[in-house]
Number of protein chains: 2
Amino acid sequence: MDPIDELNENLVEFFDRMSSWEQSVIQQGKLNVAGAHAIEKLGHFGSMSMKDLSKDLGVTTGTTTITVDRLEKGGYAVRERADNDRRSYIIRLTEKGNDAYLDHHRHHLSFAKEIASFLTDEEIECFTAVLEKINKEI
Amino acid sequence: MDPIDELNENLVEFFDRMSSWEQSVIQQGKLNVAGAHAIEKLGHFGSMSMKDLSKDLGVTTGTTTITVDRLEKGGYAVRERADNDRRSYIIRLTEKGNDAYLDHHRHHLSFAKEIASFLTDEEIECFTAVLEKINKEI
DNA sequence: ATATATTGTTTGATAGTCAAACTATGTGTG
DNA sequence: CACACATAGTTTGACTATCAAACAATATAT
């Protein structure tokens with residue numbers, strides 16, 4: 001079989017399984033999908049404006065308005081006026097929001113751990129290196 | 001840095017990039033997201049019942065009803081009565097539906113080709129082998 | 001000053017989803 | 001056989017996710 005076909009098949013299946021896993025992890029928690037994604041970004045990259053958050057999430061600012069409204073109502077995040085530009089807000093996770101982020105992060109870590117558990121050290125190293133290379137190039 | 005952390009970071013970023021890519025590919029075509037996913041399954045695994053399709057897609061049969069309604073309206077698929085069970089339908093791609101599948105498949109292949117283009121033969125081999133292993137174990 | 005650009009919100013529309021009620025059909029048991 | 005139970009798919013009602021376009025407030029440039 002052509003190596004590209006083989007790579008493709010495994011990539012597609014892997015992506016599918018990752019998607020299901022992510023979906024089920026989110027549904028275990030109390031957050032809705034959009035909120036969970038926003039919290040992941042805010043936890044990973046830190047507080048940022050509506051515009052930057054929208055760009056990171058790949059959605060319009062209108063969509064982000066709704067998402068952040070719900071996060072605020074749920075007590076996960078707050079809008080804070082930006083010092084330098086009075087049109088802009090900085091979205092910051094509350095302690096509750098940060099806890100949710102850490103919890104999600106732990107799930108990711110245990111997923112990575114599970115994967116690593118049935119790979120050799122050499123395979124882990126190669127896999128990580130290739131992923132890093134792909135992330136840089138794509 | 002801990003190898004697990006490093007693996008996790010790269011996995012998360014990779015998944016994020018794959019998601020964006022998939023999203024943009026679907027939006028280039030005429031199909032909506034749910035329809036595109038259904039066509040992928042039907043093209044890959046062949047005709048199947050509403051129930052099996054729902055299970056493959058990870059949604060309820062109610063959701064699949066809507067999705068297949070729209071595919072039928074668009075001329076991408078047809079419901080055919082199952083021979084053995086008159087409650088059941090077999091969902092089959094039309095020629096138009098199969099063309100859409102092949103088109104999507106070509107996009108996936110060129111994505112795999114792009115990835116392969118900046119990897120060594122050895123890296124491709126290792127990456128594919130690890131993905132296969134993960135897909136089997138997860 | 002005045003026009004233009006930018007940040008974020010609102011509005012109106014559509015898609016995606018689920019749970020629960022429902023219809024039609026199939027299966028098993030006394 | 002008849003009745004209960006199970007299963008395949010649809011419908012309904014509700015909510016979330018999303019976009020594009022119109023809008024308000026503020027910033028920037030000429």
Side-chain angles (χ1 to χ4, degrees), chain A residues 16 19-20 22-42 47-74 76-92 100, chain B residues 16 19-20 22-42 47-74 76-92 100:
Chain A
D16 212 46
S19 299
S20 309
E22 175 87 7
Q23 189 74 8
S24 80
V25 165
I26 288 176
Q27 281 171 352
Q28 280 165 34
K30 286 166 193 164
L31 284 159
N32 53 31
V33 175
H37 284 158
I39 283 184
E40 255 191 283
K41 295 296 183 185
L42 291 168
S47 304
M48 63 179 100
S49 69
M50 295 296 285
K51 191 195 172 189
D52 289 344
L53 182 55
S54 306
K55 199 178 155 198
D56 264 9
L57 291 169
V59 299
T60 64
T61 55
T63 298
T64 304
T65 293
I66 310 285
T67 304
V68 172
D69 280 353
R70 280 205 265 265
L71 287 181
E72 269 198 322
K73 265 183 208 153
Y76 295 97
V78 286
R79 284 171 170 90
E80 286 173 346
R81 282 276 174 198
D83 291 344
N84 49 335
D85 187 335
R86 289 201 301 170
R87 291 168 305 180
S88 187
Y89 298 95
I90 303 301
I91 317 306
R92 184 174 62 74
Chain B
D16 212 47
S19 300
S20 308
E22 175 87 7
Q23 190 74 8
S24 80
V25 165
I26 288 177
Q27 282 171 351
Q28 279 165 35
K30 287 165 194 165
L31 285 159
N32 52 31
V33 174
H37 284 158
I39 284 185
E40 255 191 283
K41 295 295 182 185
L42 291 167
S47 304
M48 63 179 99
S49 69
M50 294 296 285
K51 191 192 170 189
D52 290 344
L53 183 54
S54 306
K55 200 177 153 200
D56 264 9
L57 292 170
V59 299
T60 64
T61 55
T63 298
T64 304
T65 294
I66 311 283
T67 304
V68 172
D69 281 352
R70 279 205 266 266
L71 286 181
E72 267 197 324
K73 265 183 207 152
Y76 294 98
V78 287
R79 282 172 171 89
E80 286 174 344
R81 281 275 173 201
D83 291 344
N84 49 333
D85 188 336
R86 289 200 299 170
R87 291 167 305 180
S88 185
Y89 297 96
I90 303 300
I91 317 306
R92 184 174 62 73

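Naming convention: chains lettered A, B, ... in sequence-line order (proteins, then strands); numbering from 1 in each chain.
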Angle separating the five-pair end axes of the helix from C:dA1-D:dT30 to C:dG30-D:dC1, nearest 10°, is 10°
Could you check if a side-chain atom of [X] sits within less than 4.5 angstrom of a side-chain atom of [Y], using non-hydrogen atoms only?
{"X": "A:Lys41", "Y": "B:Asp16", "value": "yes"}
{"X": "B:Asn32", "Y": "B:Arg70", "value": "yes"}
{"X": "A:Leu31", "Y": "A:Ile39", "value": "yes"}

Inset, instruction - Would you indicate what A:Ser54 reaches in the nucleic acid, counting non-hydrogen atoms under 4.0 angstrom: base, sugar-phosphate, or nothing? - result: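 Counting heavy atoms under 4.0 Å across all strands, no contact is made by A:Ser54.
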Find the distance [X]:[atom1] to [N]:[atom2] and express it as a whole number of Å.
{"X": "B:Lys55", "N": "D:dT7", "atom1": "NZ", "atom2": "C1'", "result": "14 Å"}
{"X": "B:Leu31", "N": "C:dA15", "atom1": "CG", "atom2": "P", "result": "12 Å"}
{"X": "B:Met50", "N": "D:dT11", "atom1": "CE", "atom2": "P", "result": "10 Å"}
{"X": "B:Leu57", "N": "C:dC18", "atom1": "CG", "atom2": "C1'", "result": "15 Å"}
{"X": "B:Asp69", "N": "D:dG9", "atom1": "CG", "atom2": "P", "result": "13 Å"}
{"X": "A:Met48", "N": "C:dT7", "atom1": "CE", "atom2": "C1'", "result": "16 Å"}
{"X": "B:Lys51", "N": "D:dT10", "atom1": "NZ", "atom2": "P", "result": "14 Å"}
{"X": "A:Gln23", "N": "C:dG16", "atom1": "CD", "atom2": "C1'", "result": "11 Å"}

Problem set entry | Stepwise side-chain contact (heavy atoms from CB on, under 4.5 Å) check, A:Glu22 with A:His37 | CA-CA 10 Å; A:Glu22 175 87 7; A:His37 284 158; 4.1 Å; yes
Among the nucleotides C:dT9, C:dT7, D:dA8, whichever has the atom closest to the side chain of A:Arg79 is C:dT9
Checklist entry - Has A:Thr65 got a side-chain N or O lying under 4.0 Å from the OP1 or OP2 atom of C:dT9? => result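 Yes.
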Can you check side-chain contact (heavy atoms from CB on, under 4.5 Å) on B:Met48 and B:Asp56, steps first, answer last? CA-CA 10 Å; B:Met48 63 179 99; B:Asp56 264 9; 3.6 Å; yes
Once base and sugar-phosphate atoms are separated, protein heavy atoms under 4.0 Å mark nucleotides 16-27 of chain D, 5' to 3', with B, S and - as SSBB-----BBS
Ignoring hydrogens and geometry, is there a side-chain-to-backbone donor-acceptor pair from A:Arg81 to A:Arg86 under 3.5 Å? yes
* Asked: With distance as the sole test, does A:Glu80 use its side chain to make a donor-acceptor pair with the main-chain N or O of A:Ile91 at under 3.5 Å?
  -> no
**Message:** side-chain hydrogen bond (donor to acceptor under 3.5 Å, both in side chains) for A:Thr60 and A:Thr63? Distances and angles first, verdict last.
**Reply:** CA-CA 5 Å; A:Thr60 64; A:Thr63 298; 3.2 Å; yes
Got a salt bridge between A:Asp85 and A:Lys51, using NZ or NE/NH1/NH2 to carboxylate O under 4.0 Å? no
